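Shown next, in structure tokens, is the structure this report addresses.
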Amino acid sequence: MKKKIEVPKKIRLRFPPSPTGLLHIGNARTILFNYLFAKKMGGETVLRIEDTDTERSKLEYVQNIIDELHWLGLDWNEGPDIGGKFGPYKQSQRTDIYKRYLEQLLAEKKAYYCNCNAEELEAKRQDQQSRGLAPKYDGTCRDKNNTSGVIRLRVPSKKVVFVDLIRGEIESDAGLMGDIVIARHIDSALYHFAVVVDDYEMQISHIIRGEDHIANTPKHILLQEALGFPKLEYAHLPLMLNADKSKMSKRAGDVAVSDYHQAGYLPEALINFMVLLGWNPGTEQEIFSLKELEKEFSLEKVQKSGAVFNVQKLDFMNGLYIRQKSVPALTKLCASFLPEHNLPAKTVEKIVASCQGRMKKLSDITELADFFLKEKLDYDTALLAWDKMNREQVKDALLLCDKILRGLEKWEVAAIQEVLEKAAGENKGQIFWPFRIALSGKKASAPAPEIAEILGKEKTLQRIQDAIDKK
Ligand code: GLU
């Protein structure tokens, strides 16, 4: 086929996840950096599902990737039409395109068929290793003119150099690589080949990906040269590390975006947290909206050293974003984390408002609000005692609360607070603590008058009575 060397006129980036699992937080961060760079430069993005590994790729993972990217607000702006939205390109649907380019390389003798069998290759590999050599294919089939088998690229013995936008010049020796396999057969291109062809066909200008891909870049450059494609710009992002500095890819805990989504993290918080895993604005500012980042982001401020994933920081940020929500908006977000109930909408809003300041995750509402929704509370009687109060003193305090509140007409926080304060005088703890425990059954909760208003007079008095009767 005719070669067309075209320098892309536009800044174009790709989001290239492999659907071999749920969208990984590391991939989401990479996609975020691609997204931000494209936005900042007025460029375009595509979503490309890299499913050449047909055995490990699953449709449900493709859907998960799409859903979580939408949830994060990381949209792309080109792709096949799926119901009025841009869908992803899928490598599994591009076999014919790869075939054309494989045929081109075979015709030009830049690639060849190899039919060495697996045992032979393994024996040679072990022999090389035992002699202290780095294993590489010895080129047995290079000049055999085979007509079937796997397809290998004829790799020249030379230095490959590229300038990484984050790390500067990176050099490697292609002589150590050996002739790499680029397709299982003519209709089954492998990852390296598919990526290079797609980046060209999709007119990608910049590749921003994880540091773990640095070793792949020389292979991709050699393939581009063999195919006559123009050079691309590369930027390799720092690795994400666990708190103990081990690789995040080996993390035992949550690694999927959907784990965070389901646990009640907000997309705004996750975006803000992820961008700081490698990008440093160079100022004191830490809180950024996606819109702000679209203007502020720059590759120059991406660090080379590994970025530690600190869950406490994510929790802190999430709490901050939760507190910024309006009560009606937060109530909607909390709905799926509350058990079934038949409380009026306004009461639910009040419950959520009373928990808002304590929430780190949306899912925290389940526990923070459970006592509002339960009929009977279950807690240790000893909890009712403030300081060294004995059982009699606790009962007296509760009886006093009952007496005062029974006569109260205006059932509102301020009024409840006022009458109790008056009655308690100097001994606020002795009144407010047992009262709050009677209403919540918890060591920590919103203040008692707030809970009492939400519960309503009848339930409040009932809970005081339950506390008095408690064994
Ligand atoms: N599909 C690859 C991955 O999920 C990304 C490849 C690339 O960025 O070139 O790691």
Side-chain angles (χ1 to χ4, degrees), residues 311-312 315-316 318-320 322-323 334 337-339 341 343 347-471:
V311 182
Q312 283 82 25
D315 284 350
F316 165 78
N318 206 51
L320 216 73
I322 284 180
R323 285 190 288 286
C334 286
F337 294 100
L338 286 171
H341 59 77
L343 295 173
T347 308
V348 183
E349 283 193 1
K350 282 186 182 175
I351 293 174
V352 170
S354 82
C355 300
Q356 187 166 16
R358 279 169 213 281
M359 288 167 68
K360 290 206 177 92
K361 301 182 289 247
L362 298 174
S363 53
D364 292 344
I365 194 80
T366 314
E367 219 197 299
L368 287 172
D370 68 344
F371 62 86
F372 285 108
L373 305 160
K374 279 185 184 156
E375 267 318 304
K376 282 255 179 264
L377 301 184
D378 183 24
Y379 56 91
D380 186 353
T381 317
L383 198 55
L384 288 161
W386 165 259
D387 204 8
K388 298 201 169 56
M389 285 170 92
N390 61 32
R391 185 71 189 127
E392 279 317 299
Q393 290 167 314
V394 167
K395 276 193 183 165
D396 288 347
L398 292 167
L399 284 167
L400 181 65
C401 291
D402 177 80
K403 193 172 131 214
I404 294 165
L405 296 176
R406 209 168 274 281
L408 185 66
E409 297 279 323
K410 202 170 164 209
W411 199 258
E412 279 172 8
V413 180
I416 300 170
Q417 177 82 23
E418 197 187 318
V419 289
L420 286 179
E421 264 184 28
K422 230 186 244 161
E426 297 287 283
N427 305 325
K428 289 210 176 52
Q430 273 92 327
I431 297 292
F432 280 88
W433 178 271
F435 179 40
R436 196 181 59 71
I437 301 298
L439 299 188
S440 68
K442 279 188 202 293
K443 261 196 201 131
S445 72
E450 219 177 292
I451 305 175
E453 185 194 293
I454 299 170
L455 287 174
K457 189 167 178 174
E458 195 185 327
K459 253 199 185 142
T460 299
L461 295 179
Q462 182 59 52
R463 287 195 181 180
I464 294 173
Q465 195 54 51
D466 289 348
I468 294 170
D469 298 342
K470 217 166 156 45
K471 292 283 166 295

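Just the heavy atoms: all of them, side chains too, but no hydrogens, waters or symmetry mates, feed the values below. All of these numbers come straight from a predicted model, not from anything done at the bench.
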Measure across [X] and [Y] and return the closest heavy-atom pair with its distance rounded to 0.1 Å.
| X | Y | answer |
| --- | --- | --- |
| L400 | A423 | CD2-CB, 4.3 Å |
| R436 | S445 | NH1-OG, 2.6 Å |
| C334 | M359 | SG-CE, 3.6 Å |
| R323 | G357 | NH1-O, 3.6 Å |
| L383 | G441 | CD2-O, 3.8 Å |
| Y379 | A467 | OH-CB, 3.4 Å |

Does any pair with a residue in [range] pass salt bridge (Lys or Arg N to Asp or Glu O under 4.0 Å), and if so which ones, sequence neighbours excluded?
| range | answer |
| --- | --- |
| residues 460-471 | K376-D466 |
| residues 402-416 | D402-R406, K410-E412 |
| residues 387-401 | none |

Flag side-chain contact, heavy atom, 4.5 Å: [X] against [Y]:
| X | Y | result |
| --- | --- | --- |
| L343 | I351 | yes |
| F371 | L439 | no |
| I437 | K442 | no |
| V394 | L398 | yes |
| I451 | S354 | no |
| P434 | Q393 | no |
| C355 | D364 | no |
| F435 | L405 | yes |

Could you grab the distance from atom [atom1] of [X] to atom [atom2] of [Y], nearest 0.5 Å is fine?
| X | Y | atom1 | atom2 | value |
| --- | --- | --- | --- | --- |
| I464 | C401 | CD1 | SG | 5.5 Å |
| L377 | S440 | CG | OG | 7.5 Å |
| I365 | F337 | CD1 | CZ | 10.5 Å |
| E453 | K350 | CD | NZ | 4.0 Å |
| R358 | E367 | CZ | CD | 12.0 Å |
| K457 | I416 | NZ | CD1 | 9.5 Å |

Checking [X] side chain against [Y] main chain: does a donor-acceptor pair fall under 3.5 Å?
| X | Y | answer |
| --- | --- | --- |
| T366 | S363 | yes |
| Q356 | I322 | yes |
| W411 | A452 | yes |
| E450 | P447 | no |
| W386 | F432 | no |
| N318 | K360 | yes |

Next on the checklist: We want to know whether E421 and Q417 form a side-chain donor-acceptor pair, criterion being a heavy-atom distance below 3.5 angstrom.
Outcome noted: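 E421 vs Q417: donor-acceptor pair found between side chains.
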
